[in-house]
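Only one structure is covered here, and it is reproduced in the block below.
Lettering of chains follows the sequences in order, A, B, ..., and the numbering in each one begins at 1. Being a predicted model, the structure only gives us computed values, none of them experimental.
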Number of protein chains: 2
Amino acid sequence: MGELDAVLKEKGVKLTEQRRRLLEKALLQHKHFSAEELYETLRQKRAGISRATVYRTLKLLAAHDVLDVHDFDRGYHLYESRLGRHHHDHLVCLKCGRITEFENPDIESEQEKVARHYHFKIVSHSHKIYGLCHRCRVGN
Amino acid sequence: MGELDAVLKEKGVKLTEQRRRLLEKALLQHKHFSAEELYETLRQKRAGISRATVYRTLKLLAAHDVLDVHDFDRGYHLYESRLGRHHHDHLVCLKCGRITEFENPDIESEQEKVARHYHFKIVSHSHKIYGLCHRCRVGN
DNA sequence: CTCACTTTGAGACTGAGTCTCACTTTCATA
DNA sequence: TATGAAAGTGAGACTCAGTCTCAAAGTGAG
């Protein structure tokens, strides 16, 4: 059994050929990807996975914290592998779409203060900064 | 000319009956509302505004900073009047849907530091904390 | 191996939001 | 206050990400 199988097994997720093949592609991805993109990639590789299964499996993997889902107001979700990665937030360029990741412990701890104040139990958060990236500002 | 007309005029937005009527309802709203909700309200009041115009006008008002748009991952947007209000962010309860507002200057300034570091010009941001609100935690 | 239970695929369906285009309204200027 | 270019509107068709259905196939505990 491969390493990827272990990832699913550990989560108590039933192993199927489709899930294995999808997971393999999804974890190899070096950037954010959409369900449609992944479906198209798999279709071209003749992986034999239907659109419905792609959507279902991505949702499943996100629910099991294998993937992160992001909504950058594009009308569809972007996914990102979570394996071996730290939590991070994003700077989103409104002009070129470039997404830059950032980590800031001070924001995280302030956030916890806020939650404590409202007796709120944090499950997750999403912090996005929209604007112009360096390149787009200087006119590239 | 009413106060609301002035709001639109100031932004250089052409005044139409539909916009006036929509703006009036939108600014009276005390909580977040969706385009469909507003359309339904207006329809029941026989305001004579089409669905297309509701969507178009909300977008326009948001572009002119009269309204804020929020995406709480519900599959549609929620709007909120911006007039006379401070910027704020949100705690979103995953169980009951309750939305609580918060303001935290420290987060805002840390955010500016982050942007500066990446030579990024902030236009807007969205910071949402998902989890369980006080009531849902204690089992109400 | 068996079988209860789960997953899959094809394609119909949903629902928020956009587009089209003929018709109407607005408002700067005369 | 009349005029007309430019902008806005409505009905309903359309888009498109995502979900649902249900018969058939696959999975894995015992």
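Atoms CG (B:Leu38) and P (C:dG17) sit 12 Å apart, rounded to a whole Å. Rounded to an integer number of Å, the gap from CZ of A:Arg43 to P of C:dA10 is 12 Å. Regarding B:Phe72, its CZ atom lies at a distance of 17 Å from the C1' atom of C:dA16, rounded to whole Å. Taking atom OH on B:Tyr76 and atom P on C:dT14, their separation rounds to 18 Å, with Å as the unit. In this structure, A:Asp71 atom CG and D:dG18 atom C1' are separated by 13 Å, rounded to whole Å. Rounded to whole angstrom, the span from the CD1 atom of B:Ile49 across to the C1' atom of D:dA11 amounts to 16 Å. Taking atom CG of residue A:Leu15 and atom P of nucleotide C:dT6, one finds them 15 Å apart after rounding to whole Å. We find that CG of B:Leu60 is positioned 16 Å from C1' of C:dG17, with the value rounded to whole Å.
Distances were taken from every side-chain heavy atom of B:Ser50 (C-beta onward) to each of D:dG10, D:dT21, C:dT26; the shortest belongs to D:dG10. When the nucleotides C:dC27, D:dT9, C:dT8 are ranked by their closest atom to the side chain of A:Gln18, C:dT8 comes out on top. Considering only the side chain of A:Lys14, C:dC5 comes nearest among D:dA11, C:dC5, D:dG18. Listed nucleotides: C:dT26, C:dT18, D:dA17. Nearest to the side chain of B:Tyr55: C:dT18. Comparing C:dC27, D:dA11, C:dT8 by their nearest atom to the side chain of A:Arg19 picks out C:dT8. Taking every side-chain heavy atom of A:Lys59 into account, D:dT19 is the closest of C:dT8, D:dT19, D:dG8.
Where B:Val13 and B:Glu36 meet DNA chain C, the nucleotide closest to each residue was compared, and B:Glu36 sits on the side nearer the 5' end. Ranked by how close their nearest DNA chain C nucleotide is to the 5' end, B:Tyr79 and A:Val54 are led by A:Val54.
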Go through A:Glu17 and A:Arg20 one step at a time and tell me if the salt bridge (Lys or Arg N to Asp or Glu O under 4.0 Å) criterion holds.
CA-CA 5 Å; A:Glu17 268 314 303; A:Arg20 267 188 270 254; 3.3 Å; yes
Pair A:Asp89-A:His125, side-chain contact (heavy atoms from CB on, under 4.5 Å): steps then yes or no
CA-CA 9 Å; A:Asp89 290 294; A:His125 77 267; 3.2 Å; yes
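Residue B:Thr53 places at least one side-chain N or O under 4.0 Å from the OP1 or OP2 atom of D:dG10. The shortest distance between the side-chain N/O atoms of A:His77 and the OP1/OP2 oxygens of D:dA17 is not below 4.0 Å. Proximity of B:Thr16 to the phosphate of D:dT9: a side-chain N or O atom is located under 4.0 Å from OP1 or OP2.
The closest side-chain donor-acceptor pair between B:His77 and A:Asp73 falls under 3.5 angstrom. Remark: the B:Gln111 side chain and the B:His127 side chain contain no N/O donor-acceptor pair separated by less than 3.5 Å.
Both distances falling under 3.5 Å, in either a Watson-Crick or a G-U wobble arrangement, place D:dA29 opposite C:dT2.
Counting distance only, with no hydrogens placed and no angle test, the side-chain atoms of B:Arg51 and the base atoms of D:dG12 include no donor-acceptor pair under 3.5 Å.
Aromatic ring pairs are classed by plane angle as parallel below 30°, tilted from 30° to 60° and perpendicular above 60°; the pair B:Phe72 and B:His32 is perpendicular.
When all heavy atoms are compared, the tightest approach of B:Ser81 to B:Ala26 is CB-O, 4.5 Å.
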